[in-house]
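Here's the structure, in C-alpha cells; my notes come after.
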Amino acid sequence: MKINRRVFLGSMLYVVSTAVIPFELKSSLKLTVFKSDASFFNAEQMTLAHDIADIMIPKTHTPGASDSHAAQILDELMVSWASLNTQQQMLSFLSEFQDRARDLHNKDYLLMTRERRLAYLVEIDQNAFEDTTSPFLIAYKRFKELIFHLHYTSKEANPEFILVPGGYKGDLTEDELQAINKRQYL
C-alpha cells in the first residue's frame, strides 16, 4: 500500500480516537469519541467537530465525512494554515454550539441521541441562512464550508480530483461528464 499524507494522517488520527464514554452508551448514541487531544482541538472539541461533520455528510452509498477524515484534517489545518482569527472563530463556534445545546435541550450535545443531534444541527442550519449577522451562525457557515471543501476534495470522496490553479470556468468535456455520472456523485 502506498503511504501518502492522507493515509498517514487518517491512520494516526484513528489511533488516538478511542472510547471515553462507556461502550454501551457510545454504541446507542452512534458517536465516535476521541480520548486524546488532537493537534489543535482538545478531545471533546475533536469529538464534537467529528460528529458535526459526520452528520453534515453521512456515509451512504458514497463516503461520508468520517471516511474522508474531514474533521481530523480540519484540526491539522487549524495548526498549519488557519490564522489566529480563524482558530478563535472555530473554538468559539464549538463552545457556543455546546452551550446552545445545553440551553435548548437541557442536555450535553454529546449525550443526545443521534436523531436529536441531527435535529439540532438541522435547526441551526436553517437559521444560518436567515440571519447573516450572528457571529455564531457566520462561524457555523465557515465550519460547514471547510468541512464540505475538505470532504469533496479528498481522495475518498473524489478519487479523480485534481487541483487546478486559477478560476473555475464551469466547462466540462463529454468524458469528464461521463466520469462524474459513472461515480454517481459529484
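- Side-chain contact between Ile124 and Leu137 is present, with at least one heavy-atom pair separated by less than 4.5 Å.
- From Gln72, atom CD reaches atom CG of Leu77 across 12.0 Å, with rounding to the nearest 0.5 Å.
- For Asp103 and Arg100, the salt-bridge test fails: no basic side-chain N is under 4.0 Å from an acidic carboxylate O.
- Phe34 and Thr47 make their closest contact through N-OG1, 2.8 Å (heavy atoms, listed as atom of the first residue, atom of the second, distance).
- The ring pair (Phe, Tyr, Trp, His ring centres under 6.0 Å) check on Phe143 picks up Phe93, with sequence neighbours excluded.
- In this structure, Asp37 contributes its side chain and Ala43 its backbone to a donor-acceptor pair below 3.5 Å.
- Tested against Leu31 for a side-chain contact (heavy atoms from CB on, under 4.5 Å), the candidates Leu110, Leu111, Thr113, Leu48 yield a single pass: Leu110.
- Defined by atom type and a distance below 3.5 Å, a donor-acceptor pair is missing between the side-chain atoms of Gln98 and Gln45.
- Taking every heavy atom of both residues into account, Leu94 and Ile52 meet most closely at CD2-CD1, 4.1 Å.
- Here Lys107 contributes atom NZ and Met112 contributes atom CE; the two are 8.0 Å apart, rounded to the nearest 0.5 Å.
- In this structure, the separation between CG on Leu150 and CG on Leu74 is 6.0 Å, given to the nearest 0.5 Å.
- Side-chain contact between Gln178 and Thr173 is absent, with no heavy atoms from C-beta onward closer than 4.5 Å.
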List the steps, then state whether side chain to side chain contact (heavy atoms under 4.5 Å, CB included) holds for Glu115 with Lys30.
-> CA-CA 10 Å; Glu115 293 75 25; Lys30 299 177 187 168; 4.1 Å; yes
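- Judged purely by distance below 3.5 Å, without hydrogens or angles, the side chains of Ser83 and Thr86 pair a donor atom with an acceptor atom.
- Under a hydrophobic clustering in which Ile, Leu, Val, Met, Phe, Trp and Tyr are joined whenever their side-chain heavy atoms come within less than 4.5 Å, directly or via other members, Trp81 and Ile73 fall into the same cluster.
- A salt bridge between Asp54 and Lys59 is absent, with no side-chain N of the basic residue lying under 4.0 Å from a carboxylate O of the acidic one.
- Between Ala128 and Tyr140, the closest heavy-atom pair is CB-CD2, 3.6 Å.
- A distance of 4.5 Å separates OG of Ser95 from CG of Asp99, quoted to the nearest 0.5 Å.
- Remark: Ser66 OG to Ile55 CD1 distance equals 11.0 Å, nearest 0.5 Å.
- Between the Arg102 side chain and the Asp108 main chain, no donor and acceptor come within less than 3.5 Å of each other.
- Note: Tyr109 and Phe97 have perpendicular aromatic rings, judged against thresholds of 30 and 60 degrees for the angle between ring planes.
- Across all non-hydrogen atoms, the minimal contact from Ala71 to His50 is CB-CA, 3.6 Å.
- Using a distance-only test at 3.5 Å, with no hydrogens or angles considered, a donor-acceptor pair links the side chain of Asn127 to the main chain of Glu123.
- Leu146 pairs in a side-chain contact (heavy atoms from CB on, under 4.5 Å) with only one of the listed residues (Lys144, Arg142, His149), which is Arg142.
- Between the NE2 atom in His151 and the CD1 atom in Ile57 there is a gap of 4.5 Å [rounded to 0.5 Å].
- A donor atom on one side chain and an acceptor atom on the other are not found under 3.5 Å apart for Glu76 and Ser80.
- A distance-only check finds a donor-acceptor pair linking the side chain of Gln87 to the backbone of Met78 [under 3.5 Å].
- A side-chain donor-acceptor contact under 3.5 Å links Asp75 to the backbone of Phe41.
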How far apart are the C-alpha atoms of Glu44 and Val33, what are their side-chain angles, what is the distance that settles it, and do they pass the side chain to side chain contact (heavy atoms under 4.5 Å, CB included) test?
-> CA-CA 8 Å; Glu44 182 180 6; Val33 178; over 6 Å; no
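- Counting only distance, with no hydrogens or angles, the side chain of Ser68 and the backbone of Ala65 share a donor-acceptor pair below 3.5 Å.
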Going through the distances and angles, do Lys141 and Phe129 end up as a side chain to side chain contact (heavy atoms under 4.5 Å, CB included)?
-> CA-CA 9 Å; Lys141 289 188 283 190; Phe129 297 95; 3.6 Å; yes
